[in-house]
Amino acid sequence: MATQIDKVRDFIRENPTADNKTISEKTGVNIDSVKAYISRDLKQGRLTKLENVDEETNQTVRFLDYGEFMSNREAIKDAKEYKKKIYRQMAQMIYEAAERGEDVDNLVKASREIRNTLERIK
């Protein structure tokens with residue numbers, strides 16, 4: 001389940017010119033929380049704020065960009081999903097071997113080594 005800040009970040013990523021009110025309405029996150037999340041991410045360098053003047057309307061347009069932060073976040077999420085998939089496959093292999101009456105000691109040892117290796121993936 002996505003946290004409130006994840007909802008805000010995902011919405012901004014898809015709608016970089018959205019204002020705080022729109023972000024709040026579309027994500028269901030209180031507007032004060034939206035402002036706090038944006039402010040914190042700006043201060044921590046996760047988020048970049050760009051402003052441009054629209055030549056036709058002469059209005060300032062805000063553009064928010066998570067850039068590399070979101071790419072890194074997605075890579076971490078993908079790595080976690082990959083690890084879960086491998087863990088499930090290892091458990092299934094051990095279970096099936098046990099069901100067939102095979103000695104599973106070597107499989108258990110190998111799965112521990114694989115798990116230790118995967119844990120080093122950040």
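Since the structure is predicted, the reported quantities are computational estimates derived from the model, not experimental observations.
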Worksheet item: Is the backbone of Ala36 close enough, under 3.5 Å, to the side chain of Ser39 for a donor and an acceptor to pair up by distance?
Response: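 The answer is no, because no donor-acceptor pair under 3.5 Å joins these two groups.
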Once you round to the nearest 0.5 Å, how far does [atom1] of [X] lie from [atom2] of [Y]?
{"X": "Gln92", "Y": "Glu96", "atom1": "CD", "atom2": "CD", "answer": "4.0 Å"}
{"X": "Tyr37", "Y": "Asn20", "atom1": "OH", "atom2": "CG", "answer": "13.0 Å"}
{"X": "Thr48", "Y": "Leu64", "atom1": "OG1", "atom2": "CG", "answer": "9.0 Å"}
{"X": "Arg112", "Y": "Met90", "atom1": "CZ", "atom2": "CE", "answer": "11.0 Å"}
{"X": "Leu107", "Y": "Ile94", "atom1": "CG", "atom2": "CD1", "answer": "6.0 Å"}
{"X": "Lys85", "Y": "Lys83", "atom1": "NZ", "atom2": "NZ", "answer": "15.5 Å"}

Discussion item. Are there over 12 heavy-atom neighbours, none belonging to Arg40, within less than 6.0 Å of that residue's CZ?
Written reply: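 Buried by this count: over 12 neighbours within 6.0 Å.
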Worksheet entry | Full working for side-chain contact (heavy atoms from CB on, under 4.5 Å) between Val8 and Ile23 | CA-CA 7 Å; Val8 170; Ile23 296 167; 4.0 Å; yes
Are [Y] and [X] connected in a single hydrophobic cluster, I mean Ile/Leu/Val/Met/Phe/Trp/Tyr linked by side-chain heavy atoms less than 4.5 Å apart?
{"X": "Val104", "Y": "Met93", "answer": "yes"}
{"X": "Tyr87", "Y": "Tyr82", "answer": "yes"}
{"X": "Ile38", "Y": "Leu50", "answer": "no"}
{"X": "Phe63", "Y": "Phe11", "answer": "no"}

Worksheet item: Is the closest side-chain heavy-atom distance between Gln4 and Thr27 below 4.5 Å?
Response: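 SC-SC contact between Gln4 and Thr27 ruled out.
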Item to complete: Check whether any side-chain heavy atom of Lys26 sits under 4.5 Å from a side-chain heavy atom of Asn15, and report yes or no.
Response: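 Sidechains of Asn15 and Lys26: no contact.
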Worksheet item: Closest approach of Ile86 and Ile114, non-hydrogen atoms and distance?
Response: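 Between these two residues, the closest heavy atoms are CG2-CG2, 3.9 Å.
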Practice prompt. Specify the closest pair of heavy atoms between Ile31 and Ser24, including all atoms of both residues, with the distance to one decimal.
Written response: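 In this case the closest contact between Ile31 and Ser24 is N-OG, 3.3 Å.
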Fill in: Chi angles and distances behind the side-chain contact (heavy atoms from CB on, under 4.5 Å) call for Arg9, Ile12
CA-CA 5 Å; Arg9 287 174 175 159; Ile12 290 171; 5.8 Å; no
